[in-house]
Amino acid sequence: MATTFELLLPVGHRTATALANEAFELIDQLEAQMTVYRNDSEVAEINRRAGVEAVPVEERLFELLTLAARLAKETFGAFDITSGPLIKAWGFFRREGRVPSPAERQQALDCVGMRNVELNSELRTVRFRRSDAEINLGSIGKGHALDRCAELLRARGTKSALLHGGGSSVLAIGCQPGDPRGWPVGIRHPWDETRRLAVLHLRDRALGTSAATFQHFEYNKRKLGHLLDPRSGWPAEGVQSASAVAPSAAEADALATAFFVLGIDKTRSFCQQHPEIGAVLLPNGDDAQPVVSNLAPETVLAN
């Protein structure tokens, strides 16, 4: 998943090393299942076959695809796992950003949309309605891996732990020892490493953050990032950073991407309709201040 995963456990945890090894082995297994950068992964197999036949899917992966379909619907397509063709058209698949021709962009855009994916819950199969459709779990897979690790840790009796992948996906189990508010987690400023946008206390909750900090290029004096709007086929613009707080890390990851695409007003509207979801967005502008939705004032401390 092209990032570093870390696990924090209270000092003195007797089985910390064994638990960490077991959790990281699970992450390796999930990476092998979900990656689109290896031809032998289950997702790569789905992308090869689902355009011509219904493909059986492992149970937990099918649950993830079902969640992705629900979130695509709830965000009106701002989050969409079928955006792979767009990612390739813009060169971000190999981290070589470029502006596609109008014809290339439209061809890729025609493949995008969960309308092109048929999920059969009874048979637990997936089939594409277009032969050139594909799925890419890059915007939800890391969170799913954290959720699965948390399940493992809880099953082993863990009451307190903090998991994160690359700092942009964080999941808290219980509270940091001595702090009933939860685990304090900072949201980094997207371009100033000396600043934080906020500090949240997570307790059995997850945080996901999306920003076009590292993958972007300049075009006609515009900064075009790797976070693409699946509805228009162009890089999303309007905010510098979007963070989502949710019950699961998969939801937090996916919604952070969606909120980056949706922008301030539509994110606020989404949170009003989903009281279990919170958001912290940083609008464009050098002097912009974070905009907070659905998070208690004592939970978020802007710096």
Side-chain angles (χ1 to χ4, degrees), residues 66-84 86-87 90 92 105 108-109 112-117 136-140 142-143 168-170 187-191 197-198 200 205-213 215-216 222-297 299-300 302:
T66 302
L67 172 63
R70 174 174 68 81
L71 293 175
K73 182 178 180 180
E74 292 179 355
T75 61
F76 303 99
F79 167 77
D80 199 312
I81 60 171
T82 67
S83 298
L86 276 176
I87 296 170
W90 280 87
F92 291 120
R105 184 175 61 85
L109 199 56
V112 175
M114 288 302 291
R115 67 185 181 280
N116 295 323
V117 178
N136 184 316
L137 301 177
S139 53
I140 196 172
K142 188 164 54 173
S168 62
S169 301
V170 186
I187 300 177
R188 294 182 294 190
H189 193 282
W191 48 262
L197 298 182
L200 290 72
R205 303 267 284 168
L207 169 73
T209 298
S210 289
T213 306
Q215 286 201 65
H216 67 271
R222 293 169 62 191
K223 178 181 173 181
L224 300 178
H226 73 288
L227 293 168
L228 303 173
D229 185 338
R231 304 163 302 177
S232 68
W234 277 86
E237 298 179 285
V239 300
Q240 301 180 71
S241 170
S243 297
V245 177
S248 73
E251 290 174 291
D253 266 9
L255 289 175
T257 300
F259 292 167
F260 192 96
V261 173
L262 290 172
I264 302 293
D265 293 338
K266 291 181 179 178
T267 293
R268 183 183 290 115
S269 177
F270 182 96
C271 291
Q272 288 172 348
Q273 298 172 40
H274 299 80
E276 77 281 10
I277 304 298
V280 179
L281 271 64
L282 180 67
N284 283 340
D286 293 341
D287 299 322
Q289 296 298 312
V291 177
V292 178
S293 298
N294 266 10
L295 292 172
T299 304
V300 181

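In what follows, residues are counted from 1 in the order of the sequence shown. Remember, predicted model here, so these are calculated numbers, not experimental data.
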Distance-only check: which donor-acceptor pairs under 3.5 Å involve side-chain atoms of residues 253-263, not counting sequence neighbours?
residue	atom	partner	partner atom	Å
Asp253	OD1	Ser169	OG	2.6
Asp253	OD2	Gly143	N	2.8
Asp253	OD2	Ser169	OG	3.0
Thr257	OG1	Ser210	OG	3.4
Thr257	OG1	Asp253	O	3.4

For Asp286, salt bridge (charged side-chain N to carboxylate O under 4.0 Å, His left out) partners two or more places apart |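 Residues passing salt bridge (charged side-chain N to carboxylate O under 4.0 Å, His left out) with Asp286: none at all.
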
Going through the distances and angles, do Arg268 and Val291 end up as a side-chain contact (heavy atoms from CB on, under 4.5 Å)?
-> CA-CA 9 Å; Arg268 183 183 290 115; Val291 177; 3.5 Å; yes

Closest non-hydrogen atom pair between [X] and [Y], with its separation:
X: Leu197; Y: Pro190; result: CD1-CD, 4.4 Å
X: Leu207; Y: Ser243; result: CD1-CB, 3.9 Å
X: Ile277; Y: Ala246; result: CD1-CB, 3.6 Å
X: Trp191; Y: His189; result: CE2-CE1, 3.0 Å
X: Ala279; Y: Thr267; result: CB-CG2, 3.7 Å

A side-chain contact here means heavy atoms from C-beta on lying under 4.5 Å apart; do [X] and [Y] qualify?
X: Met114; Y: Ile81; result: yes
X: Ser83; Y: Leu228; result: no
X: Val117; Y: Thr82; result: yes
X: Ile187; Y: Leu282; result: no
X: Pro283; Y: Gln240; result: no
X: Arg105; Y: Trp234; result: yes

If only atom types and distance count, is the side chain of Asn294 paired as donor or acceptor with the main-chain N or O of Cys271 below 3.5 Å?
-> yes

Counting only N and O atoms by type, is there a donor-acceptor contact under 3.5 Å from the side chain of Ser248 to the main-chain atoms of Glu251?
-> yes

Kindly write out the residues that satisfy side chain to side chain donor-acceptor pair (under 3.5 Å) with Asp229, not counting sequence neighbours, or none if the list is empty.
->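 Partners of Asp229 by the side chain to side chain donor-acceptor pair (under 3.5 Å) criterion, ordered by chain and then number, come out as Arg231.
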
Kindly determine whether Leu67 and Ile140 satisfy side-chain contact (heavy atoms from CB on, under 4.5 Å), including the steps that lead there.
-> CA-CA 10 Å; Leu67 172 63; Ile140 196 172; 4.2 Å; yes

Just how far is it from atom CG of Asp80 to atom OG of Ser139, taken to the nearest 0.5 Å?
->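 The CG atom of Asp80 sits 8.5 Å away from the OG atom of Ser139.
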
Gap between atom CZ of Arg205 and atom CG of Leu295 - 0.5 Å precision |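 So the gap between those two atoms works out to 7.5 Å.
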
Worked verdict on Phe79 versus Glu74 for side-chain contact (heavy atoms from CB on, under 4.5 Å) = CA-CA 9 Å; Phe79 167 77; Glu74 292 179 355; over 6 Å; no

